[in-house]
2 protein chains.
Amino acid sequence: MSAGEQRERKPRADVQRNRTALLETAQRHFLQHGVGTSLEAVAKEAGVGPGTLYRHFPTREALLAAVLHTRSEELVARQAGIDQLADPAQALEQWLRAMEEYFSAFSGLPDPLMAAARAQEPDNPLTIPCHTLITATDQYVQAAQLTGHVRDSVRGNDLFLAACSVAWIKGTGADEESLDRLRTLIASGYRRQDTQA
Amino acid sequence: MSAGEQRERKPRADVQRNRTALLETAQRHFLQHGVGTSLEAVAKEAGVGPGTLYRHFPTREALLAAVLHTRSEELVARQAGIDQLADPAQALEQWLRAMEEYFSAFSGLPDPLMAAARAQEPDNPLTIPCHTLITATDQYVQAAQLTGHVRDSVRGNDLFLAACSVAWIKGTGADEESLDRLRTLIASGYRRQDTQA
DNA sequence: ATCAAAACGGATGCTGCCTCCGTACGCATT
DNA sequence: AATGCGTACGGAGGCAGCATCCGTTTTGAT
């Protein structure tokens with residue numbers, strides 16, 4: 001009636017119900033079997049037909065993006081804590097760790113993530129979140145550069161890639177020691193004059 | 001007849017013929033469509049049935065390993081050249097580059113490679129080649145450490161992982177500039193006191 | 001020329017993807 | 001309480017790829 005604000009029919013109840021059921025089931029399956037898990041199995045276990053799954057989430061990536069969206073709340077929570085830190089170098093380090101854990105939540109996640117990060121695919125539902133993360137990383141980098149802890153040549157994108165890499169390697173089943181050595185190597189790469197052995 | 005050297009029937013001609021046809025076709029398909037390419041399509045284009053393919057190469061990885069074996073000749077050729085270099089730091093750098101290019105020959109190759117590298121799967125046909133490469137990398141690392149160009153804390157395995165990572169990122173379609181920045185970051189990570197920006 | 005071993009190859013069963021359309025459900029209206 | 005309409009459901013079905021099995025063909029040896 002009033003200007004432009006069309007009076008819509010109230011959305012059906014089963015829509016929201018199915019959507020959340022799908023998201024929960026999908027998250028469980030992604031956790032257990034990686035991002036390549038069978039969507040048919042997800043649908044069946046959520047108690048819906050394949051058609052319903054595909055209507056809610058037209059592609060695997062759409063489903064993945066939706067699941068990640070709920071998961072990202074945890075990330076922003078950590079971000080709040082990190083922003084409290086006085087030392088920008090420490091903040092950067094913890095932020096990288098937080099991203100890495102976020103990326104390695106599901107095995108195989110880094111691949112679609114990288115595919116989305118290279119943009120040029122505005123329809124990819126993961127593109128926006130990716131660029132948000134890169135920008136956030138760049139902020140931490142710049143803050144740490146101002147205090148002289150990080151080389152000026154480093155960009156947020158570089159460390160985003162590095163975090164993705166570590167997450168990818170973790171997903172391939174590498175042992176924790178190798179991962180720690182690699183993290184150290186990367187840290188030596190972005191930190192200024194860190195001359196110890 | 002003579003001691004123990006059992007006189008075997010001469011192997012059939014079509015075996016070798018089919019094997020090489022499969023390898024050539026497989027390499028082409030791996031190059032064009034990545035390691036996930038359809039094996040049925042490979043068999044068809046090689047002019048054999050699926051059964052023949054699977055008899056020659058029981059798993060996708062076996063086929064992949066065989067193709068990589070022929071490709072590795074190129075790598076050892078480069079290795080000979082690298083061993084001529086006087087500067088161990090330069091040798092290490094070039095060796096890493098050579099590995100990286102070897103790993104990124106087919107899109108998706110780094111994943112099965114990493115799966116094989118974590119050993120514990122002696123039946124995986126890629127395991128042995130992987131460990132050979134890690135050992136070779138360690139040699140270059142140690143040589144460069146003797147001249148003080150590389151941090152003592154670095155191990156061959158670390159740089160093997162790093163090379164895999166870069167190859168993986170390359171395979172996801174990253175632009176060349178990002179790759180170069182990442183390589184630089186890693187180099188800053190393993191080199192001793194490289195204090196410039 | 002014949003034989004037996006060895007290799008072939010395609011038919012087959014299976015799993016997963018994704019679409020399409022008849023059906024059922026839920027909200028609004030009476 | 002009953003009716004009607006639009007929305008959402010869900011499963012059947014077509015397709016592609018994997019991996020196996022077994023009747024048939026090829027090949028080397030005699």
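Residue numbers begin at 1 in each chain, while the letters A, B, ... track the order of the sequences.
- B/Glu61 contributes no side-chain N or O that, together with a main-chain N or O of B/Pro112, makes up a donor-acceptor pair within less than 3.5 Å.
- Shown here for B/Val141 and B/Gly156, the closest heavy-atom pair between the two residues is CG2-CA, 4.1 Å.
- When the C1' atom of C/dG16 is taken as reference, atom NZ of A/Lys44 falls 11 Å away, rounded to whole Å.
- Between A/Leu53 atom CG and D/dA8 atom P there is a gap of 16 Å when expressed in whole angstrom units.
- In this structure, the NE2 atom of A/His29 is 12 Å from the P atom of C/dC17, given to the nearest Å.
- Listed for the B/His56 side chain is no donor-acceptor partner under 3.5 Å among the backbone atoms of B/Asn18.
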For A/Phe103 and A/Leu68: C-alpha separation, side-chain torsions, deciding distance, then whether side-chain contact (heavy atoms from CB on, under 4.5 Å) applies.
CA-CA 10 Å; A/Phe103 293 159; A/Leu68 285 179; over 6 Å; no

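- Side-chain nitrogen and oxygen atoms of B/Asn18 include none within less than 4.0 Å of the OP1 or OP2 phosphate oxygen of C/dA7.
- Of the possible polar contacts, none joining the A/Thr37 side chain to the A/His33 backbone as a donor-acceptor pair under 3.5 Å is found.
- At whole-Å resolution of the value, CD in A/Gln16 and P in D/dC9 are 11 Å apart.
- Atoms CG (A/Leu39) and P (C/dC18) sit 7 Å apart, rounded to a whole Å.
- Distance B/Leu63 CG to D/dC18 P: 11 Å, rounded to the nearest Å.
- One finds a side-chain N or O of A/His56 lying less than 4.0 angstrom from the OP1 or OP2 phosphate oxygen of D/dC9.
- Remark: P of C/dC25 and CZ of A/Arg17 are 11 Å apart, rounded to the nearest angstrom.
- A salt bridge (charged side-chain N to carboxylate O under 4.0 Å, His left out) with A/Glu101 holds for exactly one of A/Lys170, A/Arg71, A/Arg183, A/Arg78; it is A/Arg78.
- Checking D/dC18, D/dG10, C/dG16 against the side-chain heavy atoms of B/Tyr54 singles out D/dC18 as nearest.
- Considering only side-chain atoms of B/Arg60, the nucleotide from D/dC18, C/dC18, C/dC8 that sits closest is D/dC18.
- Here B/His69 pairs with nothing under the ring pair (Phe, Tyr, Trp, His ring centres under 6.0 Å) rule; sequence neighbours left out.
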Are any protein N/O atoms closer than 3.5 Å to N/O atoms in nucleotides 28-30 of chain D? If there are, list each pair with its distance.
unit_1: D/dG28; atom_1: OP1; unit_2: B/Ala13; atom_2: N; d: 3.3
unit_1: D/dA29; atom_1: OP1; unit_2: B/Lys10; atom_2: N; d: 3.3

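- Rounded to an integer number of Å, the gap from B/Glu40 CD to C/dA11 P is 12 Å.
- Here B/Thr52 reaches the OP1 or OP2 of C/dG9: one of its side-chain N or O atoms lies under 4.0 Å away.
- Within 4.0 Å of A/Thr37, counting heavy atoms only, lie sugar-phosphate atoms of the nucleic acid but no base atom.
- Among the heavy atoms of the strands lying under 4.0 Å from A/Pro50 is at least one base atom, whether or not backbone atoms are also near.
- One finds a side-chain N or O of B/Ser38 lying less than 4.0 angstrom from the OP1 or OP2 phosphate oxygen of D/dC18.
- Under the 3.5 Å distance criterion, the side-chain polar atoms of B/Arg118 are matched with a main-chain donor or acceptor of A/Thr172.
- Axis angle across the helix from C/dA1-D/dT30 to C/dT30-D/dA1, with five pairs used at each end and values rounded to 10°: 0°.
- Judged purely by atom type and a 3.5 angstrom limit, B/Arg19 has no side-chain atom pairing as donor or acceptor with the backbone of B/Asp14.
- Between A/Gly47 and B/Arg55, the residue anchored nearer the 5' end of DNA chain D, judged by the nucleotide with its closest heavy atom, is A/Gly47.
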Verify side-chain contact (heavy atoms from CB on, under 4.5 Å) between B/Arg28 and B/Val42, making sure each step is shown before the conclusion.
CA-CA 9 Å; B/Arg28 260 207 326 282; B/Val42 170; over 6 Å; no

